[in-house]
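So the structure is just underneath, and the comments pick up after that.
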2 protein chains.
Amino acid sequence: MPRSITKEALLDAAEAIVLESGAAHLTLDAVAERSRISKGGLIYNFPTKEALLVAMIGRLIENLENRRERIRRELAPQNPSELMIEIKVLSSLVETDARRSAAILAVIANRPDLMEPFRETLCDRFTKRILSEGHPERSTILFFAAFGLHFAEMLSLPFLDPERRKKVYADLLSLARADNDLGSPAHEADLQGGQT
Amino acid sequence: MPRSITKEALLDAAEAIVLESGAAHLTLDAVAERSRISKGGLIYNFPTKEALLVAMIGRLIENLENRRERIRRELAPQNPSELMIEIKVLSSLVETDARRSAAILAVIANRPDLMEPFRETLCDRFTKRILSEGHPERSTILFFAAFGLHFAEMLSLPFLDPERRKKVYADLLSLARADNDLGSPAHEADLQGGQT
DNA sequence: TTTATTGTACCGACCGGTCGGTATTATACC
DNA sequence: GGTATAATACCGACCGGTCGGTACAATAAA
């Protein structure tokens with residue numbers, strides 16, 4: 001049990017507040033009231049607001065990594081590129097989950113410095129894994145398209161209706177798959193076994 | 001003279017605070033202190049915090065639209081698509097300008113509702129103009145790639161070093177140009193004259 | 001009893017905003 | 001010209017209220 005029920009409820013409440021009212025309204029009292037847990041209970045579980053913010057990013061990263069591993073297993077038979085996995089991860093975040101990521105905005109707003117670990121995780125994955133695969137120019141474009149799409153959703157910018165968005169993610173994935181199949185038909189073993 | 005020197009100084013200070021310390025630290029006292037204008041002076045120019053936030057988005061939109069018009073004039077000989085213009089606009093925001101856009105985060109954090117006009121502007125431009133041009137699937141991918149790249153820069157996610165980023169923007173632009181040249185070689189007049 | 005957890009009253013710092021006042025300049029009247 | 005009037009731009013002390021955080025008594029679990 002990595003986190004208690006109480007902690008989860010508090011984090012849920014915090015996310016909900018950010019979504020509904022903006023990061024500026026994320027106050028300890030508001031979190032306590034919304035979760036129907038007393039302020040004392042909140043402070044017991046998260047001694048400072050910083051601890052709460054850290055836990056919020058933590059849960060977000062955890063959620064993303066769980067998805068990624070699940071999708072990695074699901075796609076394994078196709079011998080997928082890291083880019084394909086990443087696109088699948090982002091597209092798997094339906095509206096609700098995508099908007100939950102907006103909790104990051106609360107962290108950026110309150111304590112930009114706490115973003116550092118997340119920044120590193122994200123960028124490392126990109127540079128070390130995706131860029132090192134075949135055809136970095138195309139991969140970069142596909143990655144940023146998926147990333148941009150995700151951010152648009154996160155800020156609920158209604159560029160695209162759900163069906164169209166799904167279609168775009170599908171397009172991105174099939175383009176990535178095409179690159180992957182085309183780029184390295186001979187050394188499948190490298191991608192599978194390589195663990196850098 | 002659309003805005004006074006004082007107002008500009010106050011908006012500069014507000015942007016700087018958001019960049020350095022996060023939206024939560026954007027307080028009236030902080031803006032006054034940083035701009036070395038008294039709190040009274042600040043309130044004289046922006047009667048409420050909301051007015052300050054509105055002016056912040058206003059200046060951002062203004063800046064973007066000025067760039068767009070300038071770039072539209074510059075590219076006019078090439079008979080550019082809206083997508084090309086949009087990519088050029090985003091790529092013209094060098095690091096400093098891109099990070100200044102992060103002032104939007106302050107608005108989202110403090111008063112998400114004030115984003116509405118900006119949201120509409122952005123999405124209208126996309127759906128009405130870019131999507132209506134030839135080959136919407138490719139345009140969508142190119143647009144979101146540019147958008148994602150911009151957002152990454154805004155949040156100073158160091159995915160790419162400056163040279164690489166420039167290269168990606170150049171790639172996006174040449175792809176957009178290829179689509180544009182290929183898509184409508186016969187009816188240039190339509191794109192030029194059509195004013196919907 | 002000990003320990004873990006919760007509820008609540010409270011504190012001082014800080015927040016957005018008000019208000020009485022000042023400095024400067026332009027205009028009006030004599 | 002000299003002086004009263006007024007508009008503009010700005011100043012900074014202050015107010016009511018909110019914030020993150022503390023103190024501590026009450027309760028539950030062992």
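Below, chain A is the first sequence line, B the second, and so on; all start at residue 1.
- The nearest heavy atom of DNA chain D to B:L42 and to A:K49 marks one nucleotide each, and the one closer to the 5' end goes with B:L42.
- Here C:dT8 presents its C1' atom at 11 Å from CG of A:D29, a figure rounded to the nearest Å.
- The pair B:K166-B:E163 does not count as a salt bridge, with every side-chain nitrogen at least 4.0 angstrom from each carboxylate oxygen.
- For DNA chain D, no neighbouring residue in residues 102-113 of chain A is found when judged by any heavy atom under 4.0 Å.
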B:F143 vs A:F159, ring pair (Phe, Tyr, Trp, His ring centres under 6.0 Å): CA-CA, chis, key distance, verdict: CA-CA 11 Å; B:F143 172 77; A:F159 283 122; 5.5 Å; yes

A:F151/A:F144 under ring pair (Phe, Tyr, Trp, His ring centres under 6.0 Å): CA gap, chis, key distance, verdict: CA-CA 10 Å; A:F151 256 83; A:F144 276 106; over 10 Å; no

Verdict with supporting geometry, B:R67 and B:L93, side chain to side chain contact (heavy atoms under 4.5 Å, CB included): CA-CA 9 Å; B:R67 276 172 194 273; B:L93 299 163; 3.3 Å; yes

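- At least one side-chain heavy atom of A:L173 sits under 4.5 Å from a side-chain heavy atom of A:R177.
- Residue order along DNA chain D, read from the 5' end via each residue's closest nucleotide, puts A:H25 first among A:H25 and A:G40.
- Extent of DNA chain D lying under 4.0 Å from chain B heavy atoms, first and last nucleotide in 5' to 3' order, is D:dT8 to D:dG12.
- When heavy atoms are screened at a 4.0 angstrom cut-off, A:L28 is found touching the sugar-phosphate backbone but no base atom.
- Counted within 6.0 Å of NZ on B:K49, heavy atoms from surrounding residues, nucleotides or ligands total more than 12; the atom is thus considered enclosed.
- Base contact: B:K39 has a heavy atom under 4.0 Å from a base atom.
- Backbone-only contact: B:I37 has heavy atoms under 4.0 Å from sugar-phosphate atoms and none from a base.
- Taking atom CD1 on B:I43 and atom C1' on C:dG21, their separation rounds to 17 Å, with Å as the unit.
- Salt bridge B:R129/B:E86: absent, no basic N to carboxylate O contact under 4.0 Å.
- Between the A:S91 side chain and the A:K88 main chain, a donor and an acceptor come within less than 3.5 Å of each other.
- Looking at A:M154 and A:R99, their side chains never come closer than 4.5 Å, going by heavy atoms from C-beta outward.
- At the heavy-atom level, B:L26 lies under 4.0 Å from the strands shown only through sugar-phosphate atoms.
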